Asks: 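Take this structure, written in structure tokens, and hold onto it; I'll ask about it next.
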Amino acid sequence: MTGDLFDGTDQPLAPGAVLLRGFAREVAPALVDAARAVIAGAPLRHMVTPGGLEMGVAMTNCGPLGWVSDRRGYRYQAADPLSGAPWPALPEAFRTLALDAAARAGFPGFVPDACLVNRYAPGTRLSLHQDRDEADFGAPIVSVSLGLPAVFLFGGLSRADRPRRLALAHGDVVVWGGPSRLVYHGVAPLAAGDHPLLGAQRINLTFRKAG
Ligand code: MD3
Ligand code: FE
């Protein structure tokens, strides 16, 4: 299903972190369709940080739990705060891709309960942070890049570690587990462009075991 065009050059980035270049390229059109359906049910929105700043990245979620930020803090919750309704279900194409990518990277049986959908317009960046709102750091995070390419920044376990820069293109998948689960990471400002499937945007899916 996935990976007929995958060139097989799994690239270790750090202990527990593997870049699967192009792993989602073939299934990407189905992922984009599914992301559009998710967004139709739970619109992308700019969340507010606990400090009161509006985030540049527009976000929504699917699956049993969704990540939210507001003046009260960061957390996962079952209901979309915009509607009070459950987040849209995790699309089958999402679930399969996450399971297959994690298994290929050495994390068999990955069953995410949350998928954060991030939308970047040109100029949007994501500052260096750790993902530590999840209950289980033993599970990896699987990230899928769609649309315009981005420069991903990943550092170490200390914020002071100088980040490495990694170009991520449409269809690239990265699995972050083991000792890399808590590394600092971010995204450099998105360059302008026009992607055949997504136009002037990048969409990133991150699959998590949050609860
Ligand atoms: C390394 N998203 O949603 S994906 C995020 O491109 C996030 O939208 C970025 O950081 C994006 O939290 C980066 C790659 C990624 C995601 C989660 C990680 C790398 C990670 C968690 C731990 C370590
Ligand atoms: Fe993150």
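What you see is a predicted model; the values in this text were computed from it and never measured. One-based numbering, in listed order, for ligands and for the atoms of each.
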Asks: Select one of side chain, backbone, both or neither to describe which atoms of F154 lie under 4.0 Å from any atom of ligand 1, heavy atoms only.
Replies: neither
Asks: Kindly indicate, with the supporting measurements, whether the criterion side chain to side chain donor-acceptor pair (under 3.5 Å) is fulfilled by D133 and W67.
Replies: CA-CA 8 Å; D133 302 319; W67 186 85; 2.8 Å; yes
Asks: Checking contacts here: is it the side chain or the backbone of A150 that comes within 4.0 Å of ligand 1, counting heavy atoms only? Could be both or neither.
Replies: neither
Asks: Any atoms of ligand 1 less than 4.0 Å from a non-hydrogen atom of S180? List them with their elements.
Replies: 23 (C)
Asks: I'd like to know whether R75 forms a salt bridge (Lys or Arg N to Asp or Glu O under 4.0 Å) with D70, so could you lay out the CA-CA distance, the side-chain angles of the two residues, the decisive distance to 0.1 Å, and finally the verdict.
Replies: CA-CA 9 Å; R75 66 196 170 275; D70 60 21; 2.6 Å; yes
Asks: What protein heavy atom lies closest to atom 16 (C) of ligand 1? Include the residue and the distance to one decimal.
Replies: T206 CG2, 3.7 Å
Asks: Starting from atom 13 (C) of ligand 1, find the nearest protein heavy-atom neighbour and note its residue, name and distance.
Replies: F152 CE1, 3.3 Å
Asks: Quick one: nearest non-hydrogen protein atom to atom 6 (O) of ligand 1, plus distance?
Replies: R202 NH1, 2.9 Å
Asks: Among all protein non-hydrogen atoms, which one is nearest to atom 21 (C) of ligand 1, and what is the separation to 0.1 Å?
Replies: H185 CE1, 3.4 Å
Asks: Closest to the Fe ion (ligand 2), which N/O/S atom of D131 is it?
Replies: OD1
Asks: Any idea which atoms of ligand 1 are less than 4.0 Å away from a heavy-atom of N204?
Replies: 2 (N), 4 (S), 6 (O), 8 (O), 11 (C)
Asks: With respect to the Fe ion (ligand 2), what is the nearest N, O or S atom of H129?
Replies: NE2
Asks: Determine whether the side chain, the backbone, both or neither of Q130 has a heavy atom under 4.0 Å from any heavy atom of ligand 1.
Replies: neither
Asks: Can you sort out which atoms of ligand 1 are near R181, meaning under 4.0 Å from one of its heavy atoms?
Replies: 22 (C), 23 (C)
Asks: For ligand 1, which atoms have a heavy atom of S143 less than 4.0 angstrom away?
Replies: 4 (S), 14 (C)
Asks: Check ligand 1 against L116 and write out every atom of the ligand that is under 4.0 Å from a heavy-atom position of the residue.
Replies: 3 (O)
Asks: Starting from atom 5 (C) of ligand 1, locate the nearest protein heavy atom and write down its residue, its atom name and how far away it is, to 0.1 Å.
Replies: R208 NH2, 3.2 Å
Asks: Could you pull out, from N118, L126, V175, the option with a heavy atom nearest to atom 3 (O) of ligand 1?
Replies: N118
Asks: Between ligand 1 and Y120, is the shortest N or O to N or O distance under 3.5 Å?
Replies: yes
Asks: Can you find a non-hydrogen atom of V174 under 4.0 Å from ligand 1?
Replies: no
Asks: Closer than 4.0 angstrom: is that true for some heavy atom of M59 and an atom of ligand 1?
Replies: no
Asks: Checking a contact table here: which protein heavy atom is nearest atom 15 (C) of ligand 1, and how many Å away?
Replies: W176 NE1, 3.5 Å
Asks: So which heavy atom on A102 is nearest to which on V142, and how close?
Replies: CB-CG2, 4.1 Å
Asks: Provide the number and element of each atom of ligand 1 under 4.0 Å from a heavy atom of V187.
Replies: 6 (O), 9 (C), 11 (C)
Asks: Using a strict cut-off of 4.0 Å, indicate which atoms of ligand 1 neighbour a heavy atom of I141.
Replies: 17 (C), 21 (C)
Asks: I'd like to know whether the aromatic ring centres of Y184 and F154 sit less than 6.0 Å apart in this structure.
Replies: no
Asks: State whether K209 and D136 are salt-bridged, where the test is any N-O pair (Lys NZ or Arg NE/NH1/NH2 against Asp/Glu carboxylate O) under 4.0 Å.
Replies: no
Asks: For W176 and H185, take the angle between the two ring planes, folded into 0 to 90°, and tell me which bin it lands in: parallel under 30, tilted 30 to 60, perpendicular over 60.
Replies: parallel
